[in-house]
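Only one structure is covered here, and it is reproduced in the block below.
Worth saying up front: this structure is predicted, and the values here are computed from it rather than measured. Just so it is clear, the values below take in all heavy atoms, side chains as well, and ignore hydrogens, waters and symmetry mates.
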Amino acid sequence: MSPTEPTNPGDDPALLTLQSEMDKRFDPSTYEQVWQRRWAAAGVFAVEAAADRPSFCIMIPPPNVTGKLHIGHALQSTLQDLLVRWHRMRGENALWLPGTDHAGIATQLMVERQLEKEGTSRKAIGRAAFLERTWEWKREYHGNIRTQLDLLGASCDWTRERFTLDEGLSQAVREAFVRLYREGLITRGEYMVNWSPVLETAVSDLEVETKTVQGKLYHVSYLIEGEPAEGGERITVATTRPETMLGDMAVAFHPEDERYAHLLGKAAILPLIGRRLPFVPDEMVDREFGTGLVKITPFHDPNDFEVAKRHGLAGISVIDKTGRMTAEAGADFAGLTREDARTKVVERLRALGHLVKVEEHTHNVGHSQRGGEAIEPLVSTQWFCDVSGMAGQALAAVQDGRLRLVPDTWDKTWEHWLGSIRPWCISRQLWWGHQIPAWYTADGRTIVALDEEEAVRLAGVAGAEELTRDPDVLDTWFSSALWPFSTLGWPEQTADLRTFYPTSVLITAHDILFFWVARMVMAGLHFTGEVPFSAVHLTGLVRDADGVKMSKTKGNVLDPADLITEYGADAVRFTLASLDSPGRDIPLNPEQIAGYRAFGNKIWNATRFALARIPEGAQVRVSLDDFRGADLAAPERWILSRLSATAAEVNAKFESFRFDEACNRLYHFFWGELCDGYIELAKPALLGTDADRKLRPRIGDVLLTVLDRALRMLHPVMPFLTEEVWQRLPGREAIHADTICLAPYPQADLAWIDEGVEGQMAALFETVTRVRALLAETGRERKVGLWTASPVLEAFLGQQQALFATLCRLEVLEISSRAWPTGDGGPEDLVLGIGIKILGAKRGGDEAAERQKLLKEIEKLDAEIERTLAQLADESFLAKAPGPVVEKRRAALAQMEDRRSSLRSSLVG
RNA sequence: AGGCCCGUAGCUCAGUUGGUUAGAGCGCUACGUUGACAUCGUAGAGGUCAGCGGUUCAAGUCCGCUCGGGCCUACCA
């Protein structure tokens, strides 16, 4: 179902409420996208700049415009949406700004592949035509991202959607480039860069992945200059890349290596070529590795490049930008691929007797992150950005707390990377991207300007035709680095920028911490003087049920759209949020999603039950104050107490990014406390006679009020279901919100937290459990006696007698202030101050097994009592442990002893 | 080579500044269904918290070492 389909009645904002009966069947597909359209049509998520409320803003990590959302996006989007919805409900001016990234290399590759299928190529059709094709491609796929975010229930403000190549962002990119250039932080120069021979572009250090590969170490002997070919002194150098020897210019040894000190001033003769290679002493050489001699290939190895610089050595390029040998490699090798050249060089060396030996050797080789091909270190002219100063600022921001990494285990990684940062190669030999705003004059000057007009002026030439624009584009991450403020209109001081910048939180996976997060922080601090966000929540990577990384080749990829179709978006969201525990990857098991779909079913049916069974006229109460002074029974006071405690906890957990714990709490509150607890306690009154109801005043109002608040608390995680169900609660109109999206998020009402009633109810629940367990063992006679020495508890039990009998389905329930006589054969137990006696019951079932079980339990108690006695006899414990801890132990001891004696009595019978 | 994370029930994971007899979901066992929900309810089984040592009155939690797994960073030709 397309969310942009205009004909659906859901598009009419006047129809925001719905009144139909709840279907018995829980089926998220019947309402999820209906709500997404209604919210969009009503403009629920569009915000105004400069509102008189606190702002909250999250920038989406822009996905590739032509891409598809994967499960990791679903996780991040869920968490972002959860936070935005939570803040929106707290009355803040909450903006979640969506957008997409042009993703230079990835997108260009896709279009190139398409061209290839058509039998043509990028170079054949030319730059202008290629870019037009790519824009077409972008327009075609652009809607996908929104469709998928809609499926998930994302509450983005689509009126503010941005794209990294749109006009505003392009202007921001040019502005940033020009400023950095004029500050001397961007320079152009000839350096060694990581070159992808497949993509034919430079890539940054980050885009290179080192892989351990099994290779060979070739030992090659070189003749020393002036020595006779027969019997003269030779040296042996070791190399993993024999083909690069064609570009060798020297041989290096460690300055303190006595084995080679005598070679200083001499030279070796490069086999096959005959080039004279002077010996140079350099600290870089590891004396222990190989022979302690290193061949120096200035233009094809980063280390050698540095060595050559130190020693004033020239270099030659023997490998070209497509990975083939150049003319300078010699006529025998020119045109060969790197691999073929290696084979040929080795053959020649062997034939000429220069190959001493070949060893197996595992070593690390840089590979392109994108295509997987081996990266070639090449010397070329590129644009570089000196980020060392910005890195220092970004480092300081984390150290002084202006920027918080969550979890903070990333702090060290942050320090390590920023502390050892090197210049960033920002130019790419691609077409799809932000073309570098630099022009060259005929007389060799470089003009950097915001646009062509300015360039002409600065160059002092007659017109643009006298200038040549640099053909390269910028690294995609250069524009991404500006995302938090370029999306808000920077460099203009727009109302949006003033209202929403700095943004609040960034949520993204930890694998782009350096690619993106660090660069945004550096750029933000540099251009705006402020951290672009005050907290970064770094998620783990989503893996499959067995913890294995998802990949197309393994076929274990889970598509969020499929999961949403099968389980509903709310279940997918709840699952992802509840799995987001800090600092670890996320194993996603569809069974778990099914479990949370069942939770949705529970919510659906609990609401259905409430609506069907509440007394006539019951209403949601906007304020809990409405219940003050009302003579509420213990279950009512208990659930209101639990509600407040839960609200306090959930808000605190959201605040600290513990979405997993918040979800856990919500789940157990709704299912365990509201459904299994309160609704079961409410049934006798709701389903019984008027007399039953009189004992439980306001029960319907309390149930609806708790339900209303529970739904509102759940809304950020399960937006669709909560809206669908909440709309039907009688009395919710008094909240004055047309949609639950804008209803206030429940806050803790500490006045309603009642430890007394919680303790009593805990005793009741525990006693019910024990009675059920005992009755399950003792056959059918359902006569039970309870006793307690506490007058308060006795009064409480008296009030709850009928309820208690119903919950345990008892025929007879007697309550006493004294222990029941032992020795009549009835089993007994004692928990939380309440003694239980099965009256006049004969044991049923397997008596021996029951005695066995009792004995085992008594044994456990014996051990624990002994341990506690020893602890309480230990003077250092009494002296050093805090008072409350000691008191707790004493109380525990008393309880255990009581329980033991009760179980012993039971055993005697 | 350096850094980081993880090792808790059959499985996947929680366990906040050390403080009762270590929890959840799924799975498993038994019982239960005309009454919101079998996408359910009730009761239950299941753990020497990877191992060793240390600090402490007290360690799953803090420290050290070992073993096992994962990730990141790095210019050993």
Does A/Lys412 get its side chain close enough to the base of B/rC4, under 3.5 Å, for a donor-acceptor pair? no

Should the heavy atoms of other residues, nucleotides or ligands under 6.0 Å from CZ of A/Phe609 be counted, would the total exceed 12? yes

In whole angstroms, how far is the C1' atom of B/rG25 from the CD atom of A/Glu591? 11 Å

What nucleotide among B/rC57, B/rA77, B/rG44 has an atom nearest to a side-chain atom of A/Val294? B/rA77

Whether the side chain of A/Glu680 and the base of B/rA36 hold a donor-acceptor pair under 3.5 Å is what I'd like checked. yes

Could you give the CD-to-P distance, from A/Glu649 to B/rA14, as a whole number of Å? 17 Å

Would you mind telling me which of B/rA36, B/rA77, B/rG25 lies closest to the side-chain atoms of A/Cys675? B/rA36

By nearest atom, which of the nucleotides B/rG19, B/rC40, B/rC13 is closest to the A/Lys602 side chain? B/rC40

Heavy atoms under 4.0 Å, any strand shown: does A/Gln592 hit a base, just sugar-phosphate, or nothing? nothing

Describe, in one word, how the ring planes of A/Phe670 and A/Phe599 are oriented to each other, choosing from parallel (under 30°), tilted (30 to 60°) and perpendicular (over 60°). perpendicular

Across the strands shown, which category fits A/His363 at heavy-atom distances under 4.0 angstrom: base, sugar-phosphate, nothing? sugar-phosphate

What's A/Ala606 touching, base or sugar-phosphate or nothing? Going by heavy atoms closer than 4.0 Å. base

Between A/Asp660 and A/Ser578, do the side chains contain a donor N or O and an acceptor N or O under 3.5 Å apart? no

Pairwise P distance for B/rC62 and B/rG7, with rounding to whole Å: 11 Å

Closest to the side chain of A/Thr409, out of B/rU56, B/rC5, B/rA14, is B/rC5

Quick one: label A/Arg241 by what it contacts on the DNA or RNA (base, sugar-phosphate, nothing), any heavy atom closer than 4.0 Å. nothing

Looking for any heavy atom pair under 4.0 Å, which part of the strands does A/Pro302 touch: base, sugar-phosphate only, or nothing? nothing

Side-chain donor-acceptor contact under 3.5 Å, A/Lys357 with A/Thr236: no

Take atom P in B/rC4 and the same atom in B/rC63, then report the distance between them in whole Å. 12 Å

Only pairs with both distances under 3.5 Å count, Watson-Crick or wobble alike; so what is the partner of B/rG44 in this structure? B/rC28

At 4.0 Å (heavy atoms only), tell me whether A/Arg422 reaches a base, stays on the sugar-phosphate, or touches nothing. sugar-phosphate

Say you pick atom P in B/rA36 and the same atom in B/rU20; how far apart are they, in whole Å? 40 Å

Should the pair A/Phe279 and A/Phe253 be assigned to parallel (<30°), tilted (30 to 60°) or perpendicular (>60°) ring geometry? tilted

How would you label the contact of A/Trp671 with the nucleic acid (heavy atoms, under 4.0 Å): base, sugar-phosphate, or nothing? sugar-phosphate

Return the value, rounded to whole Å, for the distance between atom CD1 of A/Ile235 and atom P of B/rA77. 18 Å

Measure CE/A/Met249 against C1'/B/rA77 and give the value in whole Å, please. 18 Å

B/rG64 and B/rG25, which share atom name P, separated by this distance in whole Å: 36 Å

CZ of A/Arg543 versus C1' of B/rG69: gap in Å, rounded? 11 Å

Heavy-atom nearest nucleotide on RNA chain B for A/Asp874 versus A/Lys653: which residue maps closer to 5'? A/Lys653

Pair A/Lys216 + A/Glu360, salt bridge at N-O below 4.0 Å: yes

Among the nucleotides B/rU39, B/rC13, B/rC76, which one has an atom lying closest to any side-chain atom of A/Phe26? B/rU39

State the pairing partner of B/rA38; accept Watson-Crick or G-U wobble contacts with both distances under 3.5 Å, and report none otherwise. none

Measure from the side-chain heavy atoms of A/Asn364 and tell me the nearest of B/rC75, B/rA74, B/rG19. B/rA74

Starting from C1' on B/rA30, measure out to CZ on A/Arg772 and report it in whole angstrom. 16 Å

What is the ring orientation for A/Trp671 with A/Tyr667, classed by angle as parallel under 30°, tilted 30 to 60°, or perpendicular over 60°? tilted

Are any of A/Arg770's side-chain N or O atoms less than 4.0 Å away from OP1 or OP2 of B/rA43? no

Can you check the A/Phe877 CZ to B/rU56 C1' distance for me, whole Å? 13 Å

Under a plain distance cut-off of 3.5 Å, with no hydrogens placed, do A/Ser204 and A/Glu207 share a side-chain donor-acceptor pair? yes

Inter-nucleotide C1' distance (B/rG2, B/rU48), Å rounded: 36 Å

Remember a base hit wins even if backbone is also touched, and classify A/Lys683 as base, sugar-phosphate or nothing at under 4.0 Å, heavy atoms. base

With sugar-phosphate meaning primed atoms plus P, OP1 and OP2, does A/His361 contact a base, only sugar-phosphate, or nothing at under 4.0 Å between heavy atoms? sugar-phosphate

Of A/Leu861 and A/His416, whose closest RNA chain B nucleotide lies nearer the 5' terminus? A/Leu861

Let's see if you can work this out: which of B/rU39, B/rU42, B/rG19 has an atom nearest to the side-chain heavy atoms of A/Gln871? B/rG19

From the candidates B/rG25, B/rC13, B/rG19, the one with an atom nearest any side-chain atom of A/Ala881 is B/rG19

If we take the P atom in both B/rG19 and B/rC72, what is their distance in whole Å? 34 Å

So what does A/Arg608 hit on the nucleic acid, given a heavy-atom distance under 4.0 Å: a base, only sugar-phosphate, or nothing? sugar-phosphate

Taking the ring centre of each residue, are A/Tyr596 and A/Tyr567 less than 6.0 Å apart? no

Out of B/rA77, B/rU56, B/rG41, which nucleotide sits closest to the side chain of A/Lys880? B/rU56

Touch check for A/Pro884, heavy atoms < 4.0 angstrom, all strands: base, sugar-phosphate only, or nothing? nothing

Give me the distance, rounded to whole Å, that separates B/rG10 from B/rA45 when you measure between the P atoms they each carry. 15 Å

Report which part of the nucleic acid A/Thr769 touches: base, sugar-phosphate, or nothing (heavy-atom distance under 4.0 Å, all strands). sugar-phosphate

Is the shortest side-chain N/O distance from A/Thr413 to OP1 or OP2 of B/rC4 below 4.0 Å? no

So which nucleotide does B/rC57 pair with, by the Watson-Crick or G-U wobble rule with both distances under 3.5 Å? B/rG19

Out of B/rA36, B/rU39, B/rC76, which has the shortest distance to the side chain of A/Ala598? B/rU39

Between P of B/rC4 and CG of A/Leu513, the distance in whole Å: 16 Å

Nearest-angstrom distance, P atom, B/rG15 to B/rC5: 15 Å

